[in-house]
Amino acid sequence: MSKMIYLDNNATTKVDNEVLNAMLPYFQNEYANPSNVYSFSKKIKEDIAKARLSIARLINANSNEIIFTSCASESNNTAIMSAVRNNPNKHHLITTCVEHSSILETMKYLESIGYDVTYLSVDSKGRINLEELRNSIRPDTLLISIMFANNEIGNIFPIKDIGNIAKQYGILFHVDAVQIIGKARIDVKAMNIDTLSLSGHKIYAPKGVGVLYVKNDTPYTSLIFGGHQEQSRRAGTENVAYIAGLGKAADIIMNDNYRVNIKISSLRDYMEKKILDTIPNVTIYGDLYNRVPNTSSISFSGVQGKDLLFALDNHNICVSTGSACSAGFLKNSHVLEMMHADLTHSSPIRISLGKYNTKEEIDYFTNILIPIIKKLRIDSNISIRSNRNTVKFVLIKIVLYLV
Ligand code: PLP
């Protein structure tokens with residue numbers, strides 16, 4: 001089988017070698033529990049502080065505003081539930097209909113216990129409308145929670161403008177920044193962000209480590225009670241190796257990012273152009289002028305994304321149909337549904353590039369795509385025709401039965 005080509009970097013990324021090397025000492029040499037008082041622990045505590053500073057620099061926060069968590073899902077849950085618990089007299093939250101499930105499911109839970117949630121709509125390009133946001137604000141709105149960049153189509157939302165609106169109305173503002181980190185500059189101060197989530201495994205650090213930024217003086221209640229780690233804001237012995245890895249991943253982004261993003265966006269544009277030049281009837285979804293540099297949500301008329309995903313998988317090429325399928329089954333993307341995309345005869349695949357992708361890989365992928373799309377289109381025509389024949393046959397039988 002040919003070499004694997006991984007084009008699903010919004011789902012997860014390969015751990016960078018430098019990140020791995022930064023993690024290794026903590027498994028067997030520097031393994032002390034940072035909460036102890038002997039010198040063996042002191043060095044570990046300092047290393048965690050260093051990683052905290054690296055993350056803080058990445059988003060222009062103060063070090064003491066950074067809480068390490070197990071993942072961005074935990075960070076999102078914590079931020080929302082903390083806002084709710086600290087605003088007992090308010091019962092309304094605002095989010096968008098295209099958030100990640102770690103936001104949407106938390107909102108659904110809150111609705112089930114009596115809270116009101118407004119889900120801002122998106123237009124056919126996946127954009128939100130700030131007037132709709134303003135009009136949704138109520139005296140009892142306790143939180144606005146909006147993602148910075150969408151994981152499926154890559155759209156970047158106007159976070160600075162939303163931060164200004166939240167500030168104007170005195171409402172807490174939470175940002176799921178998982179898909180923007182490393183792809184654009186974030187400044188939590190300038191953007192009036194109160195809480196923000198990020199995840200290690202989208203930025204070449206391992207799965208199982210995340211961050212919650214909480215602006216100083218924001219009322220806060222921990223989701224996990226127990227020990228006094230993370231200034232009593234997140235109990236549980238620190239995942240030192242992973243925290244060190246995440247700190248290193250942040251340093252790499254700070255040193256190298258401009259060049260990496262230029263490379264990735266030119267590769268994405270090259271890929272899209274090649275596809276558009278060689279395959280007819282292609283649609284690219286999202287706000288093409290305001291996307292993260294690595295993401296392309298693309299459909300081929302007559303072709304279902306899941307059929308294309310499996311056909312590409314036979315050639316050892318990994319793409320996705322949008323939302324990851326944690327339970328092992330593929331659903332239509334809720335993001336595309338909310339954009340009212342017509343998914344009856346075709347649905348998109350998501351291609352998300354990363355810093356390890358090369359032009360050779362993109363050439364291989366785009367070349368292999370041409371015959372695959374041709375074959376899937378022939379197959380889908382046959383099945384549409386045979387569906388029509390089946391319907392005709394059933395109708396004739398009914399008519400014959402009735403006479
Ligand atoms: N938010 C967004 C936008 C995501 O894309 C993801 C993961 O895909 C998450 C949150 C959850 O991150 P984690 O896997 O660290 O829980």
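For ligands, and for the atoms within them, numbers begin at 1 and follow the listed sequence. Note that this is a predicted model, so its numbers are computed, not measured.
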Q) Would you find a donor on one side and an acceptor on the other, under 3.5 Å apart, between the side chain of E105 and the backbone of S101? A) no
What is the nearest protein non-hydrogen atom to [atom], stated with its residue, atom name and distance?
atom	value
atom 4 (C) of ligand 1	H100 CD2, 3.3 Å
atom 3 (C) of ligand 1	D176 OD2, 3.5 Å
atom 16 (O) of ligand 1	S73 OG, 2.6 Å
atom 5 (O) of ligand 1	Q179 NE2, 2.8 Å
atom 12 (O) of ligand 1	A72 CB, 3.4 Å
atom 8 (O) of ligand 1	K202 NZ, 2.5 Å

For ligand 1, does [X] get within less than 4.0 Å through its side chain, its backbone, both, or neither, judged by non-hydrogen atoms?
X	value
H201	side chain
S102	side chain
E74	neither
E99	neither

Any donor-acceptor N or O pair under 3.5 Å, side chains [X], [Y]:
X	Y	value
D194	Y213	no
S352	N294	no
S75	T69	yes
S121	E132	yes
D176	S197	no

Q: Give the minimum heavy-atom separation between E272 and S296, together with the two atoms involved.
A: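 Minimum heavy-atom contact is OE2-OG, 2.5 Å.
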Which of the ligand 1 atoms, numbered from 1, are nearer than 4.0 Å to a heavy atom of [X]:
X	answer
M147	3 (C)
S199	13 (P), 15 (O)
C71	13 (P), 15 (O), 16 (O)

Q. For the residue pair Y204 and Y356, is the inter-centroid distance of their aromatic rings smaller than 6.0 Å?
A. yes
(Q) One thing to verify: whether D363 and K274 come together as a salt bridge, which I'm taking to mean a side-chain N less than 4.0 angstrom from a carboxylate O. (A) yes
